[in-house]
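Here is the naming used below: chain letters follow the sequence lines, and residue numbers restart at 1 for every chain. Since this is a predicted model, take the numbers as computed values, not measurements.
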Number of protein chains: 2
Amino acid sequence: MNLDRQLCFALYATSRAMTRAYQPMLRTLGITYPQYLVLLVLWQWDNEQRDPGQSTVSALGDQLMLDSGTLTPLLKRMELQGLVARERGTLDERVTLIRLKDEGRQLQSLARSWRAAALDQLAVPKERLVALQKELWTLLDTLQSTGGK
Amino acid sequence: MNLDRQLCFALYATSRAMTRAYQPMLRTLGITYPQYLVLLVLWQWDNEQRDPGQSTVSALGDQLMLDSGTLTPLLKRMELQGLVARERGTLDERVTLIRLKDEGRQLQSLARSWRAAALDQLAVPKERLVALQKELWTLLDTLQSTGGK
DNA sequence: AACAATTAGATTGTGCGCAATCTAATTGTG
DNA sequence: CACAATTAGATTGCGCACAATCTAATTGTT
């Protein structure tokens with residue numbers, strides 16, 4: 001039962017270390033790590049020119065695997081910062097549509113260049129990172145299907 | 001900038017999924033996931049018959065890479081549950097010694113057997129999990145040294 | 001011995017995660 | 001149409017994470 005041999009702890013510690021590694025960038029952008037993940041999704045949707053009527057809170061939650069209890073207050077803070085707009089859907093008044101505002105859109109290039117620089121600095125070959133990531137998705141899938149309610 | 005291609009998100013999502021996978025066990029033990037990690041360290045120290053005078057809050061923090069702002073309230077809750085004892089060191093009055101109590105010690109066997117069963121159920125070969133874990137430690141080390149303040 | 005510097009924890013404040021519950025709008029069924 | 005069931009978010013409450021700050025004890029230097 002050695003801590004160092006627990007995969008769960010390796011995941012937990014490495015995930016937090018990665019978040020820490022993002023702090024310098026996030027600090028200059030003025031956002032938090034989960035807010036950055038939300039922006040990743042919104043940037044992607046924006047670039048894909050996806051129907052804005054589908055950019056709901058639950059669609060974001062599906063992508064990020066987060067529920068409304070986490071996203072609602074987070075999005076409200078991002079709205080206060082002027083990064084996104086939150087408005088009720090006209091067709092279905094139950095949904096809340098999240099729209100990327102220009103201020104949020106403009107952070108994309110900064111984030112992109114920071115990420116490129118950080119990757120270069122990382123002393124791990126890119127292929128290994130890609131392989132690691134693939135293994136993580138496999139594990140995630142398995143965890144989802146095994147414990148899937 | 002596709003979300004699915006971000007290693008940071010793969011780590012984040014998989015780590016949370018792993019925590020979720022532990023929930024059924026943790027619920028029966030009556031503890032949280034970080035509290036379980038604390039117990040893993042305390043069990044290990046207990047089995048190694050380590051000098052109790054070295055089981056300080058900061059020693060725990062070193063193992064788990066957590067600071068006192070996280071550990072202090074967490075350990076207080078574990079003390080309330082009767083899992084551990086917290087007492088000031090006699091030699092150095094600045095330190096707080098954490099002692100595993102019987103109630104906390106007794107959870108070890110339950111956790112161990114649950115873990116074995118869960119691993120069996122997981123449809124990923126054990127060698128791949130070990131390899132994945134090794135990659136994670138490498139990445140963690142790199143992140144530590146790169147961003148190390 | 002005196003006192004600056006260091007060290008160990010504790011405290012405070014903000015922001016997640018997530019379970020549980022609630023509200024309001026929509027959909028399905030007879 | 002009526003009404004139960006479903007769906008989308010919002011709310012509440014608790015427990016982390018972590019930065020920043022504070023307190024108190026200890027150590028190093030002169």
Side-chain angles (χ1 to χ4, degrees), chain A residues 9 11-24 26-27 30-38 53-62 64-81 83 86-98 147 149, chain B residues 9 12-24 26-27 29-38 53-62 64-81 83 86-98 147 149:
Chain A
F9 177 63
L11 276 168
Y12 170 80
T14 309
S15 178
R16 285 192 298 121
M18 184 62 86
T19 304
R20 269 195 298 276
Y22 271 79
Q23 284 312 311
L26 297 174
R27 194 182 283 267
I31 57 176
T32 66
Y33 184 70
Q35 287 171 15
Y36 167 69
L37 295 179
V38 165
Q54 302 201 252
S55 302
T56 64
V57 172
S58 59
L60 264 174
D62 287 345
L64 300 169
M65 304 179 216
L66 290 170
D67 76 357
S68 66
T70 300
L71 285 176
T72 296
L74 185 155
L75 291 168
K76 281 182 177 172
R77 283 185 285 270
M78 292 181 76
E79 184 184 31
L80 268 175
Q81 288 196 262
L83 301 175
R86 280 161 23 91
E87 42 216 20
R88 285 286 172 177
T90 47
L91 204 131
D92 184 338
E93 286 180 35
R94 288 172 308 178
V95 307
T96 298
L97 299 174
I98 306 300
K149 35 189 169 178
Chain B
F9 177 63
Y12 170 80
T14 310
S15 178
R16 285 191 299 120
M18 184 63 86
T19 306
R20 268 195 299 277
Y22 271 80
Q23 284 312 310
L26 297 174
R27 194 182 283 269
L29 297 189
I31 57 178
T32 66
Y33 183 70
Q35 287 171 14
Y36 167 70
L37 295 179
V38 166
Q54 302 202 245
S55 302
T56 65
V57 172
S58 57
L60 263 175
D62 287 345
L64 300 169
M65 306 179 213
L66 290 171
D67 75 358
S68 65
T70 301
L71 284 177
T72 296
L74 185 155
L75 291 168
K76 281 183 177 172
R77 281 184 287 272
M78 291 181 77
E79 184 184 31
L80 268 175
Q81 288 196 266
L83 300 175
R86 278 161 25 91
E87 43 216 19
R88 285 283 170 181
T90 47
L91 205 131
D92 185 340
E93 286 181 35
R94 290 173 306 177
V95 308
T96 298
L97 299 173
I98 305 302
K149 33 186 172 181

Is the distance from OP1 or OP2 of C:dG15 to the nearest side-chain N or O of A:Lys76 less than 4.0 Å? no
May I ask you to test the B:Leu60-B:Val57 pair for a side-chain heavy-atom distance under 4.5 Å? no
Can a donor-acceptor pair be found, under 3.5 Å and without considering hydrogens, that links the side chain of A:Gln81 to the backbone of A:Gly30? yes
Determine: side-chain N/O of B:Arg86 to OP1/OP2 of C:dA10, distance under 4.0 Å, yes or no. yes
Given atom CD of B:Glu93 and atom P of D:dT26, what is their separation to the nearest angstrom? 5 Å
Take atom CE of A:Met78 and atom P of C:dC16, then tell me their distance rounded to the nearest Å. 9 Å
B:Arg77 side chain near D:dC16 phosphate (N/O to OP1/OP2, under 4.0 Å): yes
Whole-Å distance, A:Asp67 CG to D:dT7 P, equals 17 Å
Under a 3.5 Å distance rule, please check whether A:Arg16 uses its side chain to pair with a backbone N or O of B:Met65 as donor and acceptor. yes
Does A:Gln35 place a side-chain N or O at less than 4.0 Å from the phosphate oxygens OP1/OP2 of C:dC16? yes
Which part of the nucleic acid does B:Ile31 contact within heavy-atom distance under 4.0 Å: base, sugar-phosphate only, or nothing? nothing
The side chain of B:Thr72 is closest to which nucleotide in this list: C:dA25, D:dC18, C:dT11? C:dT11
What's the CG-P distance between B:Leu74 and C:dT11, to the nearest Å? 15 Å
Could you tell me whether the side chain of B:Ser68 has a donor or acceptor atom within less than 3.5 Å of a complementary atom in the base of C:dA10? yes
Quick one: label A:Thr56 by what it contacts on the DNA or RNA (base, sugar-phosphate, nothing), any heavy atom closer than 4.0 Å. sugar-phosphate
Side chains of B:Pro34 and B:Thr70: does their closest heavy-atom pair fall under 4.5 Å? no
Categorize A:Thr70 for me: base, sugar-phosphate, or nothing, with a 4.0 angstrom heavy-atom threshold over every strand shown. base
Remember a base hit wins even if backbone is also touched, and classify B:Thr96 as base, sugar-phosphate or nothing at under 4.0 Å, heavy atoms. sugar-phosphate
Taken to the nearest whole Å, CG/A:Leu75 to P/C:dG17 is 13 Å
Taking CG from A:Leu91 and C1' from C:dA25, how many angstroms apart are they, rounded to a whole number? 12 Å
Under the side chain to side chain donor-acceptor pair (under 3.5 Å) definition, can you give me all pairs with a residue in residues 87-98 of chain A, not counting sequence neighbours? A:Glu87-A:Arg99, A:Asp92-A:Arg94
Among the nucleotides D:dG9, C:dA25, C:dG17, whichever has the atom closest to the side chain of B:Arg16 is C:dG17
Reckon A:Thr32 touches a base, only the sugar-phosphate, or nothing at all at heavy-atom distances under 4.0 Å? sugar-phosphate
First encountered from the 5' end of DNA chain C, between B:Arg27 and A:Pro73: A:Pro73
Does some side-chain heavy atom of B:Thr56 sit less than 4.5 Å from a side-chain heavy atom of B:Ile98? no
Below the 4.0 Å mark, does C:dC18 have OP1 or OP2 next to a side-chain nitrogen or oxygen of B:Tyr33? no
Just N and O in the side chain of B:Arg88: are any of them under 4.0 Å from OP1 or OP2 of D:dA25? no
At under 4.0 Å, does any side-chain N or O of B:Ser58 touch on OP1 or OP2 of C:dG9? yes
Rounded to whole Å, CG of A:Asp92 lies from P of D:dT6 at a distance of 17 Å
Quick check: any donor-acceptor pair below 3.5 Å linking the side-chain of B:Arg94 to the base of D:dT26? no
In whole angstrom, give the distance that lies between atom CG of A:Leu64 and atom C1' of C:dG15. 16 Å
